[in-house]
Amino acid sequence: MKNLKKLIIITGPSGVGKGTVVKELLDRNKDIWLSISATTRNPRMGEKDGVNYYFISDERFKDMIDKKEFLEWAQFAGNYYGTPLSTVHKKIEKGFVVLLEIEVEGAKQIKEKFPEALSIFLLPPSKAELEKRIRNRGTEKEEAINRRLSRANYEIASSGEFDFVLTNHDVDETVKGVFKIIKS
Ligand code: 5GP
């Protein structure tokens with residue numbers, strides 16, 4: 001794949017605010033394109049197929065793995081998530097900066113395959129704050145919240161493996177920090 005510096009990974013634990021930061025990045029710079037992932041989890045209220053995710057069955061996901069149609073994929077809290085390869089290629093070739101908003105295992109896979117990709121890990125201000133954010137989001141049941149929180153400990157321990165680490169105290173500050181990294 002050409003121009004790999006144009007591949008930017010935003011990773012970090014569930015609830016850290018990746019989605020909000022990414023939305024601001026997209027609003028402020030139209031050369032950035034966000035990859036839409038495929039997932040086997042059920043849509044949350046208000047989520048749309050082809051907009052938030054491609055919501056697909058386990059069978060279809062496994063078929064895509066077999067056909068090597070993912071740039072990376074991982075299991076997270078009982079579901080599969082993956083980045084479809086074909087559109088990422090096309091967008092990079094068209095000159096876009098391609099942004100991936102993914103969990104830590106997938107981010108590590110990309111760093112191994114494409115060391116030139118830029119990876120940014122978002123840390124929560126504290127674990128208590130992370131729990132508060134996941135609970136306030138109100139999108140998960142207790143069991144799913146607990147899965148995400150126990151996974152967060154492991155994910156935070158991996159933060160040192162990425163190129164940059166930003167603590168997400170404030171969305172505006174974090175977005176400015178990301179732009180500084182991308183432009184440097
Ligand atoms: P959620 O269920 O909250 O939408 O996502 C759960 C986790 O999966 C989040 O950390 C999110 O960033 C991550 N994720 C979303 N899409 C992908 C993907 O394509 N690949 C990987 N590895 N993780 C993803």
Side-chain angles (χ1 to χ4, degrees), residues 7-26 33-58 60-65 67-89 91-92 98-114 117 119-124 127 130-159 161-162 165-166 168 171 174 178:
L7 190 58
I8 296 172
I9 308 160
I10 303 277
T11 191
S14 172
V16 74
K18 299 191 291 288
T20 316
V21 167
V22 162
K23 191 177 169 301
E24 278 298 311
L25 293 169
L26 297 176
W33 179 80
L34 175 67
S35 162
I36 302 172
S37 300
T39 183
T40 60
R41 90 152 157 70
N42 291 323
R44 293 178 186 138
M45 192 111 85
E47 283 185 332
K48 289 199 178 74
D49 186 47
V51 177
N52 305 91
Y53 281 105
Y54 297 106
F55 294 100
I56 64 175
S57 65
D58 278 30
R60 174 82 184 105
F61 200 99
K62 283 174 187 153
D63 188 47
M64 286 179 74
I65 295 174
K67 291 183 176 150
K68 305 204 181 332
E69 290 176 6
F70 288 120
L71 182 59
E72 60 72 40
W73 63 271
Q75 249 187 317
F76 180 91
N79 289 296
Y80 288 96
Y81 295 81
T83 305
L85 191 57
S86 59
T87 42
V88 170
H89 268 297
K91 293 287 177 179
I92 288 180
V98 170
L99 195 63
L100 307 180
E101 189 238 288
I102 60 178
E103 55 69 65
V104 165
E105 283 311 310
K108 285 186 192 169
Q109 285 176 44
I110 301 218
K111 283 306 287 176
E112 271 166 33
K113 286 192 219 159
F114 312 113
S119 59
I120 303 173
F121 189 100
L122 299 188
L123 267 182
K127 285 188 187 160
L130 186 73
E131 178 164 358
K132 198 169 115 196
R133 289 182 189 176
I134 296 182
R135 290 191 183 281
N136 286 351
R137 199 160 69 175
T139 49
E140 263 76 37
K141 298 205 173 91
E142 189 62 25
E143 191 208 343
I145 291 174
N146 288 332
R147 278 193 196 180
R148 282 168 190 250
L149 286 173
S150 63
R151 172 99 174 195
N153 291 324
Y154 157 77
E155 293 183 313
I156 290 169
S158 311
S159 62
E161 295 179 38
F162 298 96
V165 178
L166 293 176
N168 188 25
V171 175
T174 305
V178 172

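Because the structure is predicted, anything quoted here is derived from the model rather than measured. For ligands, and for the atoms within them, numbers begin at 1 and follow the listed sequence.
Taking every non-hydrogen atom of Gly106 and a distance limit under 4.0 Å, the qualifying atoms of ligand 1 come out as 22 (N). The Thr83 neighbourhood of ligand 1 comprises atoms 19 (O), with distances under 4.0 Å to a heavy atom of that residue. Short contacts between ligand 1 and Arg41, defined as distances under 4.0 Å to a heavy atom of the residue, involve ligand atoms 1 (P), 2 (O), 4 (O). The ligand atoms of ligand 1 that sit less than 4.0 angstrom from a heavy atom of Ala74 are 22 (N).
Annotation: side chain of Val51 is not in contact with side chain of Glu47 (no heavy-atom distance under 4.5 Å). Side-chain contact check for Arg60 versus Asp63: some heavy-atom pair is nearer than 4.5 Å.
Not a single donor-acceptor pair under 3.5 Å links the side chain of Thr83 to the backbone N or O of Leu71. Checking side-chain atoms of Lys18 against main-chain N and O of Gly12 turns up a donor-acceptor pair under 3.5 Å. A donor-acceptor contact shorter than 3.5 Å is absent between the side chain of Asn168 and the backbone of Leu122.
Considering every non-hydrogen atom in both Ala117 and Ile110, the closest pair reads CB-CG2, 4.1 Å.
Taking the six-membered ring where tryptophan is involved, the planes of Phe61 and Trp73 are perpendicular, since the angle between them exceeds 60° and thus also 30°.
Residue Glu155 holds its CD atom at 6.5 Å from CZ of Phe121, rounded to the nearest 0.5 Å. One distance of note links CD of Glu103 with OG of Ser37; it measures 10.0 Å at 0.5 Å rounding. We find the CD1-CG distance between Ile120 and Leu99 to be 8.0 Å, quoted to the nearest 0.5 Å.
Remark: distances from the non-hydrogen atoms of Glu72 to ligand 1 include one below 4.0 Å. Under the 4.0 angstrom criterion for non-hydrogen atoms, Phe70 is not in contact with ligand 1. Arg44 counts as a contact of ligand 1, since one of its heavy atoms falls under 4.0 Å from the ligand.
Contacts between Glu105 and ligand 1, counted as non-hydrogen atom pairs separated by less than 4.0 Å, are absent for every part of the residue. At a heavy-atom cutoff of 4.0 Å, ligand 1 is contacted by the side chain of Arg148 but not by its backbone.
Protein heavy atom closest to atom 9 (C) of ligand 1, with residue, atom name and distance, is Lys18 NZ, 3.8 Å. In this structure, atom 13 (C) of ligand 1 lies nearest to the protein heavy atom Glu103 N, 3.5 Å. The protein heavy-atom contact nearest to atom 11 (C) of ligand 1 is Glu101 OE2, 3.7 Å. Protein heavy atom nearest atom 4 (O) of ligand 1, with residue, atom name and distance: Tyr53 OH, 2.5 Å.
Closest to atom 7 (C) of ligand 1 by heavy atom, among Tyr80, Tyr54, Phe76, is Phe76. The option from Thr11, Leu100, Ile102, Val16 that lies nearest to atom 21 (C) of ligand 1, judged by heavy atoms, is Ile102. Closest heavy-atom approach to atom 19 (O) of ligand 1 within the set Ala77, Pro13, Ala107, Ser37: this belongs to Ser37.
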Query - Residues Glu131, Lys127; criterion salt bridge (charged side-chain N to carboxylate O under 4.0 Å, His left out); working and verdict - result: CA-CA 6 Å; Glu131 178 164 358; Lys127 285 188 187 160; over 6 Å; no

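For ligand 1, the polar-atom distance check finds an N/O of Gly82 within less than 3.5 Å of one of the ligand's N/O atoms. Polar contact with ligand 1: absent for Arg137 (N/O pair, distance under 3.5 Å).
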